[in-house]
Each structure stands twice: as structure tokens, then as C-alpha cells.
Asks: 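Got a structure here, written out as C-alpha cells. Questions coming.
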Amino acid sequence: MKQEYKVIPTQPEEIRHIARKMRKDNVILAMIHGYLDENGEAVISYEFQVEPGIESYCIRGHARVPSISDIYDKAAEWPERELNELFGFEFEGLDTSKRLFLPDNMLSGQGQIIVTPMDELIRDRYSEKAGDPDGNASGSVIEKVSDTERSGG
Amino acid sequence: MSQIIPIGPYHPSLEEPVHARLVTEGEVIKDAEVFIGYNHRGIEKLAMEKNYIQATTLVERVCGICSHIHAMTFCMACEEIAGMKVSKKAQYIRVVIEELERIHSHLLWLGIALHIIGHDSYFMKSWADREVCMDILEELTGNRVNYGMCIVGGVRRDISKSQMETVLKGLDAIEESTKELTDFVMNDRTVALKTQGVGVLTTEAAIRIGAIGPHARASNVPVDVRIDAPHSCYDEFDFKIATYHTCDVFARVVVRALEVFESIKIIRQAFKNMPGGALNLGKSIPTIAPGEYMCRNEAPRGQLSYKVVANGTDKPARVSIHVPTFKNAPTLVEMLKGDQVDAAGLIVASIDPCFSCMDR
């Protein structure tokens, strides 16, 4: 049996009104997802459980949207903080003074691990370990990792 | 006078790393904060670097208890985007493994809860029953933790008639033993004193914060993906969802114990009505057309969701994983307030947390 999944294009200024209506109807906010599409544009989708399926209110091309954490409590606050950390998306009105997943010292506190290219993450990680701010000592490590990737290991 | 008591991230009563900061007055918890993220492994990032076969193997390692449901949900999301038709037989086999996983997860949690309460004999009994379930999973899949049963397009292995007989015998033993365990927790005075009225999460709070799975059902919220939005072939099985009205730790013990019986019922039906047909659609690396889908499954701890975005290559463009603990952990603050400090360990454990999965 198929779970219905309906994508509804939405504008940032509409999302708070939609969230208020859903909350009033006791609809569960399943999750807030985000990613960057092939053009590098932000995609943020609010997945509401309108059983027996999901209504996905999808905002494209806006990396700054209003927060709905005052409407949906922690059910919205944690996903919003997560997207802020992993992608750098901004939610107006959300307190981002504390980290949710990543340690404070990771990547000098800049985070956004999902959008940082893998080779940069590896370089940053190994240069940090080697104590070389220029990342010179990590060159051999990156080459080794790249060789392993190429050989499918 | 207020005092701050930190619990965790590494603490004898916690199975996994989480940090709770309790603001107390005397022995009473007045406020609490929960901090997560001690085990972030970057699995979502890694999944974007791997092809669909490698990513299936990777996501199965998000959790060491409910590993199959991760691979299954990821595969179902990919199949939906690709428009693949999975055979009924493969769906039934997936359900059997999923329910076996639920049984061993619940027995594991019941054991831990009884251990924290102080009943070590029943903790060992519960884990001995779980061992039977683990043996069954090993018999069916060759593995005890990461079963490797799911692939995009179906399952890897069949279940033979003789294996079904072995499983059914094992289930009879588990059922008998769990009846005894359930009678014990329902009637024991110590269990009642330690769990009744402790860690209360009201029905209203459970809905507002978005609790899911057995944790929500113990707050009398009848949510279950298998019933609300039946995936795979769950609409073909006759089973009930267990709810309880007391909204406390006791309710969470009862709900999980009762769910073991429902899972056994589902597996028996699956074996009785096991259809014929192909196991999978081949084992080559799939290329999936552009599209996105969010698939939900009822994992042992509650609703597990996978959002997969495909871009027409053999690698996913985005894999977003959200485990039940991500939804249930925020309820801890509500549950801890007003309770005694010595109950904090049991209250945290009562959501059946899997913090490592949540950090993924």
C-alpha cells in the first residue's frame, strides 16, 4: 500500500498561517526537511501528517524563512535548529545561541557540514589534527582518501 | 535553595550519551534542559557520497537495535521515487524481520527498565527471551545486528518452510515467557511504586510536543504508522495498537509488553499467508530518476522517517533521517519537572531513547 505524499509549493510569508491552521486542527508536524537543489538553491519543506499521507509545504529559493517554533513548540524548534546548523538556513525568531548536534568547536563554530564539500571537510579535519593551519600536512591524507574512493573501497 | 544537578552525558543509569541539566529544590526537579549531539557521525553526509547499494548498507548502521527498519524505510523511499514494484513476498519477509526486531527491542527495553527499578532477576529473564529472538534473526538472516535483508527492489534472502517452523517454535516460547513477565510487571508492588505516577506526560503535552510511537501510545494517543498510513502490506494484517491511560512510566512498560504479543500475531499471520513470487528486482546498482519522497515506518520506538531526494544518478542527492528519539527526547523536560531526582534515570530511559541513532 502506498503512503500519499503531496508537495504543495509555498511562499515564506504563508508558512506561519499554514502552521497555525494545522496546529488548530491537531495535525502533527512530522518534520521540517531541507536541502540544496542542483542549482544550489535552498529547499525547505514542512511535512504535516494529514493521514493517511503527508502534505509537504515546500519553500524553494529562500534560505531565510519565519520560524514556526512558537506555534509547534519543540516539534519545530529542533528541526529548525538542525537545518540552521547543517545548512545555515535562517529562521527568523529562532534562538540559535546554542548548538544542537555539532560541538561548538567543530569547523570553528561554522558547521553546515552537509553543504561543505567532502574534500574540504577532510582537509579541515586532518589539518586540525596535524596542527597545520594551512592544511599542508593533510595533503597526503586527502590523496589516500581520494585513491580509496576512486578504487571503490 | 536551587541547585543544578548534571546527569550525563556519561552516567551509570544512561545507556547512551545525553546530557540533562536538572534545576532542583531539595529532591524535587523544578526545571530541566536536555542537550544532545554527543554522537554525531555525519551519516547523512556520507550517504550522499555513496551509491544506492552502499547507502543501504550505511543507513542500516544508523542503529544497532532497529537496523532493519532503517534499511527498509530508505529502500521504500527509493522504490517509490523510481516507481519500482516490490513483490508481495518481499514485503511479507520485510514485515517479518521488522516485527522480530520490534520484539527484541521491546524485550531489551523491558529488561533495562527492570534493571533500573532494581529487579535484576526479571531483567535477566527478559534478556534471555530476547536471546531467543536474536537466535531466530540469526537463523533467518545469518546476522544478529545488521541483517542485510533489504535491498532496493526487495529482499536478499528467502525464508524456508523449516525456518518458519523454527521461528514459530521460538515465538511460542517468547509468548509464554512474556505472559509471565507481563503478569509480573502489572502486579508487582515495587514496580508500581517506582513507576506509577512517575514521569507523567499528559495526552495534551504528548500531542503538542509531537511524541510518537509507544511513548505517545502510553500517553493515550493512538498513533501508529502501521494503522494510520499503512505502508508495505500492513493493511493485510489483523492486529491492535496498545494504548494506556495513566501517561506515566508504568504505562510505557505496559504498552511495550502488550506490543510484543501483537508482533507475534503479525508474524504468525505472515507465515500462514506467505505469498509466492520473486524476492527482488536484481542486484545491480540502481539509477533513480529525479524526484523526492518521504517514507515513514513504525520502528520499535515510533515513527521513523526518511526523506530521499534523487537526481537521476546512482547516488542520492539528499538523505534526511529522523528517528523517533528526535521527536520523543524534547518531551523529557515536561516529564522530569515535578519529579524526584532519583527517578530521573528511569524517566530518561522510559522513552526508550536511542541517542546515537538520533545524532546519526
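Here is the naming used below: chain letters follow the sequence lines, and residue numbers restart at 1 for every chain.
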Asks: Any side-chain to backbone donor/acceptor pair from B:Arg318 onto A:Leu36? Under 3.5 Å, distance only.
Replies: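 Checked: no pair found.
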Asks: With a 4.5 angstrom heavy-atom cut-off, could you sort out which part of A:Leu29 is near chain B: side chain, backbone, both or neither?
Replies: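 Looking at A:Leu29, just its backbone touches chain B.
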Asks: Is B:Val333 in contact with chain A via its backbone, its side chain, both, or neither, using a 4.5 Å heavy-atom distance?
Replies: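 Neither the backbone nor the side chain of B:Val333 comes within 4.5 Å of chain A.
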Asks: Please classify the contact between B:Asp228 and chain A as side chain, backbone, both or neither, with a heavy-atom cut-off of under 4.5 Å.
Replies: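 For B:Asp228, heavy atoms of backbone and side chain both lie under 4.5 Å from chain A.
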Asks: Which atoms form the tightest heavy-atom contact between B:Ser305 and A:His33, and what is the distance?
Replies: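 B:Ser305 and A:His33 have their closest heavy atoms at OG-NE2, 4.4 Å.
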Asks: As an exercise, state the distance from CG of A:Asn26 to CD of B:Glu204, rounded to the nearest 0.5 Å.
Replies: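 These two atoms lie 9.0 Å from each other.
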Asks: Side chains of B:Lys307 and A:Tyr5: closer than 4.5 Å at any heavy-atom pair?
Replies: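 The answer is yes; the side chains approach within 4.5 Å.
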Asks: Does CZ in B:Arg21 sit with more than 12 non-hydrogen atoms of other residues, nucleotides or ligands closer than 6.0 Å?
Replies: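 Counting other residues, nucleotides and ligands, CZ of B:Arg21 stays at 12 neighbours or fewer.
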Asks: Is a side-chain donor or acceptor of B:Lys327 paired with a backbone partner of A:Ala30 at a separation under 3.5 angstrom?
Replies: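 Pair found, side chain donor or acceptor close to backbone of A:Ala30.
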Asks: At a heavy-atom separation under 4.5 Å, does B:Ile207 approach chain A through its side chain, its backbone, both, or neither?
Replies: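 Contact with chain A: side chain only.
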Asks: B:Arg41 versus chain A, heavy atoms under 4.5 Å apart: side chain, backbone, both or neither?
Replies: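 Neither part; nothing is under 4.5 Å.
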Asks: Holding to side chain to side chain contact (heavy atoms under 4.5 Å, CB included), I want the full list of residues that pass it with B:Glu80, two or more places apart in sequence or in another chain.
Replies: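 Applying side chain to side chain contact (heavy atoms under 4.5 Å, CB included) to B:Glu80 gives A:Lys2, B:Tyr293.
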Asks: At a 4.5 Å cut-off on heavy atoms, which part of B:Glu33 comes close to chain A: side chain, backbone, both, or neither?
Replies: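 Answer is side chain: those atoms of B:Glu33 sit under 4.5 Å from chain A.
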Asks: Considering only heavy atoms and a distance below 4.5 Å, find which of B:Met294, B:Glu236, B:Met358 pairs most often with chain A.
Replies: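 Highest number of pairs under 4.5 Å: B:Met294.
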Asks: Please output the residues of residues 76-83 of chain A in contact with chain B, using a heavy-atom cutoff of under 4.5 Å, in numerical order.
Replies: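 From residues 76-83 of chain A, the residues near chain B are A:Trp78, A:Pro79, A:Glu82.
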Asks: Quick one: CD on B:Gln303 to CD1 on A:Ile28, what's the gap to the nearest 0.5 Å?
Replies: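 Those atoms lie 7.5 Å apart.
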Asks: With chain A, which of B:Val309, B:Thr331, B:Asn39 has the greatest number of heavy-atom pairs at distances under 4.5 Å?
Replies: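 Ranked by heavy-atom pairs under 4.5 Å with chain A, first place is B:Val309.
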Asks: With a 4.5 Å heavy-atom cut-off (strictly below), which parts of residues 54-67 of chain A touch chain B? List them by number.
Replies: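 A:Ile54, A:Ser56, A:Arg60, listed by number.
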Asks: Who in residues 7-16 of chain A is close to chain B, using a strict under-4.5 Å heavy-atom cut-off?
Replies: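 Residues in range: A:Val7.
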